Asks: 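Can you keep this structure in mind? I'll have questions shortly.
Since we're looking at a predicted model, the values are computed, not measured. Every number for a ligand or one of its atoms is a count from 1 in the order of the listing. Numbering of residues begins at 1 and proceeds along the displayed sequence.
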Amino acid sequence: MRQVLDNHNIRISSCLSESEERVLADDVLDGLTRPFKELPPKHFYDTRGSDLFEQICELPEYYPTRAEREILEHYADEIIETTGAGELVELGSGSAEKARILLGAMARAGTLRRYIPLDVSEQALEDAARQLVDEYDGLVVDGVVGDFERHLDRVPRRDGSPRIVGLLGGTIGNFPPGTRRRLLREMCRLLGPADRLLLGTDLVKDPAVIEAAYDDSEGITAEFNRNILHVINRQLDADFTPEAFDHIAFFDRRHEWVEMRLRARRPQTVRIARLGLLVDFAPGEELRTEISAKFTRPRLESDFGAAGLRLERWYTDARDRFALSLAARG
Ligand code: AVJ
């Protein structure tokens with residue numbers, strides 16, 4: 001691991017290198033040559049994509065962020081009291097907005113020692129770290145620049161006090177069921193007996209409410225969806241015309257997930273120069289860019305069970321739209 005920052009109370013090391021572009025290249029080669037085209041949603045989040053996502057979080061239709069914040073604000077003190085946590089590990093920490101609520105509760109409880117954010121964006125980590133050490137006296141930030149699908153083993157060891165490992169925002173829903181259980185199992189392995197997983201999950205509800213959240217009236221989500229094509233154009237020297245694709249979002253009742261797709265408006269051939277690849281789209285052909293699973297408590301409990309975890313506390317917002325689960329090993 002490469003040390004990218006080491007000054008008073010802030011350490012940031014990176015697992016990423018120039019070969020990161022290979023990951024996108026491999027995913028694009030694999031995903032766009034399948035019989036049903038598909039790309040993993042993690043590639044949405046370049047600077048523009050992260051900015052669009054932050055705009056989504058402010059949209060009237062996009063309820064998950066607000067619902068989760070409501071739960072955090074309401075139960076943070078209780079979560080810290082029951083866990084006694086002095087450390088927070090956050091996977092996919094972004095701007096650390098949600099972490100701040102938990103860190104505040106840890107400070108009030110007098111347990112706060114360390115925040116360990118893991119994110120692909122070095123800049124986001126550095127900005128968040130600087131703000132937080134200013135805000136919380138004595139707080140140590142031990143950041144890891146990395147991808148939690150590959151770099152969980154780089155998370156620093158616990159320093160003695162119990163820790164919370166958080167995966168918030170409903171991100172677990174972006175993984176298909178098998179991958180989801182594998183990730184939960186890997187997170188379980190990070191937990192000592194006194195540690196807890198804190199998992200944010202969006203809940204099954206009226207499909208119209210879910211679909212509106214993923215197809216807002218301002219078209220921000222549509223732009224976010226098309227951003228993956230901009231990312232491929234820039235990183236892999238491709239010639240997608242993003243406007244030639246329509247944004248689609250629908251709730252799949254059988255799988256209990258919402259899907260986002262991009263539908264080719266007309267037949268087109270896209271050249272991806274870096275891969276030496278030509279990709280044909282038939283008129284109306286769809287490319288799946290994201291699934292976002294919506295959970296019920298029993299289904300989540302069975303996922304936990306399969307991953308070696310046990311649900312200990314279940315917190316929801318007043319309208320039962322979103323849940324935060326506290327889970328322990330075994
Ligand atoms: C990154 C999991 C919070 O699945 O709801 C928002 C991403 N996609 N609108 C989600 C997203 C479309 C989001 N999370």
Asks: Please indicate whether any nitrogen or oxygen in S292 is less than 3.5 Å from any nitrogen or oxygen in ligand 1.
Replies: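 Checking ligand 1 against S292, an N or O pair does fall under 3.5 Å apart.
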Asks: Of all the atoms in ligand 1, which lie at a distance below 4.0 Å from a heavy atom belonging to T171?
Replies: 2 (C)
Asks: Does a salt bridge link R130 with D134, judged by any charged N lying under 4.0 Å from a carboxylate O?
Replies: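 No, no charged N to carboxylate O under 4.0 Å.
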Asks: Identify the two heavy atoms, one from G146 and one from L118, that lie closest to each other, and give their separation to 0.1 Å.
Replies: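 Closest pair (atom of G146, atom of L118, distance): O-CD2, 3.4 Å.
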Asks: Enumerate the atoms of ligand 1 whose separation from the nearest heavy atom of G169 is less than 4.0 angstrom.
Replies: 2 (C), 3 (C)
Asks: Is it the side chain (CB and beyond), the backbone, both or neither of T65 that lies under 4.0 Å from ligand 1, heavy atoms counted?
Replies: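 Neither; nothing of T65 gets under 4.0 Å from ligand 1.
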Asks: Any idea which atoms of ligand 1 are less than 4.0 Å away from a heavy-atom of N174?
Replies: 1 (C), 2 (C), 4 (O), 14 (N)
Asks: Salt bridge between K294 and E256, side-chain N to carboxylate O under 4.0 Å?
Replies: no
Asks: Heavy-atom contact check, 4.0 Å cutoff: does F44 meet ligand 1?
Replies: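 No, F44 has no heavy atom closer than 4.0 Å to ligand 1.
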Asks: Closer than 4.0 angstrom, basic N to acidic O: yes or no for R158 and E87?
Replies: no
Asks: If hydrogens are left out, which of W257, Y63, Y214 has an atom nearest to atom 12 (C) of ligand 1, that is, the closest non-hydrogen atom?
Replies: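 It is Y214 that holds the nearest heavy atom.
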Asks: Quick check on contacts: which atoms of ligand 1 are under 4.0 angstrom from a heavy atom of G170?
Replies: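 In order of number, 2 (C).
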Asks: Does the side chain of E78 come within less than 4.5 Å of R313's, by heavy atoms?
Replies: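 Yes, their side chains come closer than 4.5 Å.
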Asks: Show, in sequence, the C-alpha distance, side-chain angles and deciding distance for Q268 and F245, and conclude whether the side chain to side chain contact (heavy atoms under 4.5 Å, CB included) test is met.
Replies: CA-CA 10 Å; Q268 46 199 292; F245 289 82; 3.4 Å; yes
Asks: For Y214 and N225, what are the C-alpha separation, side-chain angles and deciding distance, and is it a side chain to side chain contact (heavy atoms under 4.5 Å, CB included)?
Replies: CA-CA 10 Å; Y214 290 82; N225 195 3; over 6 Å; no
Asks: Run the numbers for me: atoms of ligand 1, each under 4.0 Å from some heavy atom of Y62, listed by number.
Replies: 3 (C), 5 (O), 6 (C), 9 (N), 10 (C), 13 (C)
Asks: Write out the residue and atom name of the closest protein heavy atom to atom 8 (N) of ligand 1, then the distance separating them to 0.1 Å.
Replies: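 Of the protein heavy atoms, E290 OE1, 2.7 Å lies nearest.
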Asks: What about F224 and Y45, are their ring centers closer than 6.0 Å?
Replies: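 Yes, they do, as the ring centres are separated by less than 6.0 Å.
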Asks: Can you list the atoms of ligand 1 that are under 4.0 Å from a heavy atom of Y45?
Replies: 1 (C), 7 (C)
Asks: Is the closest heavy-atom distance from G173 to ligand 1 below 4.0 Å?
Replies: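 Heavy atoms of G173 never come under 4.0 Å of ligand 1.
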